[in-house]
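Residue numbers start from 1 in every chain, and the chains themselves are labelled A, B, ... in the order their sequence lines are given, proteins ahead of strands. When reading the values below, keep in mind they use all heavy atoms of this one structure, side chains included, and skip hydrogens, waters and symmetry mates.
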Amino acid sequence: MADRRYDPKQIEPKWQAVWADEHTWEVSNEAIGHPGADPRAKSYVLEMLPYPSGEPHIGHLKNYALGDAIAHFQRRLGRRVLHPMGYDAFGLPAENHAISTGVHPRRSTDESIAAFQQAFRSWGISIDWSRELATHEPSYYRWTQWIFVRLFERGLAYRKEAAVNWCPHDATVLANEQVIDGHCERCGAAVEVRQLEQWFFRITDYADRLLDDLDTIEWPAHVKAMQRNWIGRSHGAEVTFRCEELGIDYPVFTTRPDTLFGATFFVMAPEHPDVFRLAQGTAREQEVHEYVNHALAESPELRGAAEKPKTGVPLGRTVTNPLTREQIPMFVSDYVLMEYGTGAIMAVPAHDQRDYEFATAFDLPIRAVIAPAGDADHDADHPPADQAFVAHTENERLINSGEFTGLNAVAGQQAIVDWLDREGLGHASVHFRLRDWLVSRQRYWGCPIPIVYCERCGMVPVPEADLPVELPDVRDYQPRGRSPLAAAERWVNVKCPSCRGDARRETDTMDTFVDSSWYFIRYCDARNYAAAWDRPVVDAWMPVDQYIGGVEHAILHLMYARFFVKAFADLGLVGFQEPFRALFTQGMILGPDGQKMSKSRGNVISPTPIVERLSADAARCYVLFIGPPDQDAAWSETSLEGVHKFLARLWRLGDQLAASEGRESADQPPDPAGDDLAVVRKANWAIEKVTGDLLGRFAFNTAIAAVMELVNEIYRHPGAGADARRFATATAASLIFPFAPHLGAEVYELVTGRRVWEEPWPDADADMLHADTFELVCQVNGKVRDRVSAPTGAAREQLEQLALATRGVQAHVDGHEIARVIVVPDKLVNVVVR
RNA sequence: GCCCGGGUAGACAAAUCGGCAAAGUCGGCGCUCUUAAAAAGCGCUGCUCGAACGAGCAUUGCGGGUUCGAGUCCCGCCCCGGGUACCA
């Protein structure tokens with residue numbers, strides 16, 4: 001007996017084999033549609049699917065340890081838990097690897113997937129493997145293509161020529177969301193603007209719903225804020241300015257139509273299609289050409305710098321301010337963006353910082369039309385440039401605004417918009433920052449777009465029976481401004497599905513975010529070979545009850561997935577509006593130096609050696625114990641050892657009890673006293689604490705600390721009887737199981753002979769949570785002066801008497817007058833003296 | 001600039017509803033077991049006085065306020081991290 005030791009090398013594979021052989025974590029769809037077949041409520045627990053590249057890193061371990069703890073907890077609360085796994089298998093890293101080595105991306109991807117599967121099994125994550133999927137398999141992307149066709153038929157997938165972001169390094173276009181500070185999100189190369197015809201998804205149709213429905217889901221406030229920011233809804237008006245000389249109307253969008261009287265000039269973006277036409281034949285023509293060419297050549301990054309001085313050129317034309325009938329000069333300037341609003345603005349220099357800077361540089365009139373709140377004798381001739389725009393409230397009022405003078409800003413806005421509407425010169429309007437989602441990519445390793453171009457029939461979607469359009473093998477993965485697929489002539493040339501004439505396939509592939517925008521639905525019905533999914537099955541499992549992932553997906557993935565679900569709902573494919581009812585965003589694990597882990601810094605910690613040296617349980621517990629799970633935390637090797645020691649301590653308790661008599665019961669012993677009582681109380685306290693920490697709070701760090709306290713308490717009471725020790729040890733094993741499933745299962749079996757995952761989550765015995773007496777804190781003027789034992793539930797008067805009688809209170813009350821006494825039952829007494 | 005996080009012992013952290021600040025882990029010190037070491041177990045670990053029991057004092061980035069009582073609420077700042085920005 002003496003040399004028995006905690007041996008994870010033996011314990012962990014043993015339990016993993018049991019769970020694999022018995023398919024313990026699989027849930028079937030059979031109960032769906034058969035009332036009463038399985039009365040348990042469902043719970044869909046999902047971590048964001050990994051991109052399989054090399055081996056999983058420490059961030060994956062945290063993500064899946066977190067989700068697994070929630071899944072185990074939910075199961076033991078009696079829920080039917082769906083907890084699947086898959087791989088986001090298309091993507092650029094595998095393709096870039098193929099370019100440099102010639103290895104087919106499918107091969108390297110499948111190798112990575114095998115490494116991930118192996119890791120997840122060795123970590124003991126409770127996955128329903130029967131639903132496993134990978135987005136690069138034809139059995140999956142067949143349905144990605146099917147979805148594309150549904151969106152195409154609905155007009156939600158369309159082609160248009162537009163100024164798009166082009167990454168010269170990856171030789172592909174990028175979605176707006178994939179451009180970070182003018183650089184490619186993936187490779188960091190400076191993004192260029194190109195005019196190209198591309199595929200888009202009409203996500204802007206859903207802008208209002210994507211914004212409004214944020215109120216219906218339990219997501220972290222900062223993630224919602226980021227989405228709101230990205231959608232960027234602005235309420236205002238569209239106002240028409242007419243160029244009389246050429247007879248053309250130019251609508252502009254403004255959030256402040258109440259300042260229309262202050263619009264003293266008009267500015268167009270360099271990209272505006274009418275710029276050259278307007279300048280033609282004027283004295284400024286040459287100058288305009290030079291300015292525009294220079295502006296277009298400038299990198300988006302440089303151009304976007306806010307501190308840049310304002311530049312521009314007059315167009316030599318004027319437009320009419322619809323309200324004042326004044327002729328105001330037109331300019332072209334790069335501070336106006338073509339992609340927002342109409343690509344032209346009315347400039348109100350008195351009330352807009354940017355317009356003010358421009359007006360100052362070009363010596364243009366500045367006319368104040370809004371007086372700030374409480375500013376009775378506002379100097380209209382010398383207005384502050386940025387003050388009046390601070391707010392838009394009923395306290396500001398219009399000045400210098402003809403018949404509208406005197407109205408407050410809110411009423412003035414309404415009155416001016418109404419007037420414009422009557423005159424046919426404008427109307428109330430809402431604008432969004434959100435752009436349509438550009439989904440075509442000129443790359444190889446992605447899902448082919450299932451469209452055929454026929455000279456006679458035009459764009460024809462590939463019929464469902466011909467799906468999937470399989471990705472052909474190619475010899476050369478090098479991107480050359482068009483997809484490598486374009487070189488696969490035999491694949492490109494097809495017969496038109498409609499007229500059987502000669503036709504060509506679309507050679508672009510889809511953005512990989514398309515693949516991951518619906519995988520959570522496929523999990524529900526993963527082995528359905530006849531359809532993407534059956535609606536009743538999906539409606540039964542969805543939405544995901546708890547989604548877990550990194551905050552880096554706050555905009556891209558989470559916005560696209562929400563859009564897809566809303567589009568599916570409109571197509572009658574699903575009966576819900578939001579994919580993820582609750583979201584938890586985990587913090588990053590930083591290197592031991594507190595810096596973000598990266599190969600170049602050399603501070604990368606890999607989970608594999610830790611699992612091999614200590615155990616999967618230690619690695620899992622540590623990443624949860626390291627700190628609040630939603631915050632970043634630096635890796636610490638010594639703290640990891642501490643967690644391992646704790647697990648070994650718990651195992652030894654179980655091992656000692658395995659040799660003892662009376663193994664058949666691990667129930668709470670009746671009427672415990674002395675050491676027994678202390679240990680039994682602590683066990684109940686731990687049940688209460690861990691349960692509270694897990695229910696919605698995700699305070700895994702304090703939950704594990706509570707089990708540590710329980711184990712410490714058992715060690716500190718060696719005099720406790722076997723029954724009490726057995727109960728307390730079984731409770732510790734039961735509570736640690738969601739975090740350290742192998743050890744939890746092993747110790748629980750040692751002590752009780754039973755399987756912990758088949759046991760319900762323990763309930764605390766309310767009688768054991770409160771002692772008969774408590775330590776009454778006795779304060780004088782808020783400072784602790786003594787403590788005394790008092791009966792739980794004692795009357796206020798009794799507590800006051802007890803406190804006043806203590807030596808510490810006496811010493812500080814003596815010689816003073818007692819002003820009042822505050823009593824907090826079962827806690828403290830505060831004597832206030834003068 | 002704006003919007004979020006965060007700032008508590010030597011380190012990481014806890015304090016969930018305004019009620020004993022510092023649970024837990026690491027590190028440090030001491031002890032037990034041992035020929036010894038490791039492992040394991042126990043205790044101490046803000047400051048001052050004290051051998052000890054104990055006593056006193058201080059303390060949650062800084063400055064103010066509300067309150068019998070503030071890490072927690074309010075006002076004004078400082079520092080660190082993240083997101084975002086000529087968005088009309």
It should be established whether [X] places a side-chain nitrogen or oxygen under 4.0 Å from OP1 or OP2 of nucleotide [N].
{"X": "A:R649", "N": "B:G41", "answer": "yes"}
{"X": "A:R433", "N": "B:A85", "answer": "yes"}
{"X": "A:R354", "N": "B:A85", "answer": "no"}

Donor + acceptor pair across side chains of A:Q353, A:E357 (<3.5 Å): yes
With distance as the sole criterion, is a donor-acceptor pair present between the side chains of A:D249 and A:T240 under 3.5 Å? no
All N/O pairs under 3.5 Å across the protein-nucleotides 65-71 of chain B interface:
| residue | atom | partner | partner atom | Å |
| --- | --- | --- | --- | --- |
| B:C68 | OP1 | A:R820 | NH1 | 3.0 |
| B:C68 | O2' | A:N830 | ND2 | 3.4 |
| B:C68 | O2 | A:N830 | ND2 | 2.6 |

For atom [atom1], what is the distance between [N] and [M], given to the nearest Å?
{"N": "B:C33", "M": "B:A38", "atom1": "C1'", "result": "12 Å"}
{"N": "B:G63", "M": "B:C68", "atom1": "P", "result": "23 Å"}
{"N": "B:U60", "M": "B:A9", "atom1": "C1'", "result": "10 Å"}
{"N": "B:U84", "M": "B:G46", "atom1": "C1'", "result": "42 Å"}
{"N": "B:C3", "M": "B:C77", "atom1": "P", "result": "13 Å"}
{"N": "B:U45", "M": "B:G24", "atom1": "P", "result": "12 Å"}
{"N": "B:A36", "M": "B:G28", "atom1": "C1'", "result": "23 Å"}
{"N": "B:C49", "M": "B:C53", "atom1": "C1'", "result": "14 Å"}

Who passes ring pair (Phe, Tyr, Trp, His ring centres under 6.0 Å) against A:H644, sequence neighbours left out? A:Y6
Which residues share a ring pair (Phe, Tyr, Trp, His ring centres under 6.0 Å) with A:H812, sequence neighbours left out: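 Expected list: none.
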[X] side-chain N/O to [Y] backbone N/O, donor-acceptor pair under 3.5 Å:
{"X": "A:D355", "Y": "A:P349", "value": "no"}
{"X": "A:N603", "Y": "A:K596", "value": "yes"}
{"X": "A:K645", "Y": "A:L640", "value": "no"}
{"X": "A:D258", "Y": "A:Q413", "value": "no"}
{"X": "A:D632", "Y": "A:G587", "value": "no"}

Under-4.0 Å salt bridge between [X] and [Y]:
{"X": "A:R716", "Y": "A:D675", "answer": "no"}
{"X": "A:R354", "Y": "A:D352", "answer": "yes"}
{"X": "A:E641", "Y": "A:R613", "answer": "yes"}

By nearest heavy atom, map A:A225 and A:A344 onto RNA chain B; which one lands nearer the 5' end?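 Of the two residues, A:A225 wins.
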If you assign each of A:E775 and A:I626 to its closest nucleotide in RNA chain B, which residue comes earlier from the 5' end? A:I626
What's the [atom1]-[atom2] distance between [X] and [N], to the nearest Å?
{"X": "A:Y340", "N": "B:A85", "atom1": "OH", "atom2": "P", "result": "13 Å"}
{"X": "A:H717", "N": "B:G41", "atom1": "NE2", "atom2": "P", "result": "16 Å"}
{"X": "A:F698", "N": "B:U16", "atom1": "CZ", "atom2": "C1'", "result": "15 Å"}
{"X": "A:W230", "N": "B:G83", "atom1": "CH2", "atom2": "P", "result": "13 Å"}
{"X": "A:L647", "N": "B:A40", "atom1": "CG", "atom2": "P", "result": "13 Å"}
{"X": "A:M559", "N": "B:U84", "atom1": "CE", "atom2": "P", "result": "12 Å"}
{"X": "A:Y6", "N": "B:A39", "atom1": "OH", "atom2": "P", "result": "18 Å"}
{"X": "A:L434", "N": "B:U84", "atom1": "CG", "atom2": "C1'", "result": "16 Å"}

State the pairing partner of [N]; accept Watson-Crick or G-U wobble contacts with both distances under 3.5 Å, and report none otherwise.
{"N": "B:G81", "value": "B:C4"}
{"N": "B:G46", "value": "B:C57"}
{"N": "B:A70", "value": "none"}
{"N": "B:G10", "value": "B:C26"}
{"N": "B:A39", "value": "none"}

Please list each protein N or O that sits under 3.5 Å from an N or O in nucleotides 53-60 of chain B, with the distance.
| residue | atom | partner | partner atom | Å |
| --- | --- | --- | --- | --- |
| B:C57 | OP2 | A:R785 | NH1 | 3.1 |
| B:A58 | OP2 | A:K783 | NZ | 3.0 |

The nucleotide from B:U16, B:G41, B:A88 with an atom nearest the side chain of A:K689 is B:U16
Picking from B:G19, B:C42, B:A15, the nucleotide nearest the side-chain atoms of A:R697 would be B:A15
Just checking A:P718: base, sugar-phosphate only, or nothing, at a heavy-atom cut-off of under 4.0 Å? nothing
Could you check whether A:V336 gets within reach of a base, just the sugar-phosphate, or nothing at all, counting any heavy atom under 4.0 Å? base
Those residues that, when tested against A:S639, pass side chain to side chain donor-acceptor pair (under 3.5 Å) (two or more places apart):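 Counting only residues at least two positions away or on another chain, A:S639 forms a side chain to side chain donor-acceptor pair (under 3.5 Å) with A:S636.
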Would you mind calling B:C17 syn or anti? Take O4'-C1'-N9-C4 for purines or O4'-C1'-N1-C2 for pyrimidines, and syn is within 90° of 0.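 Judged by the O4'-C1' to base torsion, B:C17 sits in syn, the angle falling within 90° of 0.
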Does a side-chain heavy-atom distance below 4.5 Å link A:I58 with A:I610? yes
Could you list, one pair per line, each protein nitrogen or oxygen that sits under 3.5 Å from a nitrogen or oxygen of nucleotides 23-28 of chain B, together with the distance?
| residue | atom | partner | partner atom | Å |
| --- | --- | --- | --- | --- |
| B:A23 | O2' | A:E709 | OE1 | 3.2 |
| B:A23 | O2' | A:E709 | OE2 | 2.5 |
| B:U25 | OP1 | A:N712 | ND2 | 3.3 |
| B:C26 | O2' | A:T638 | OG1 | 2.7 |

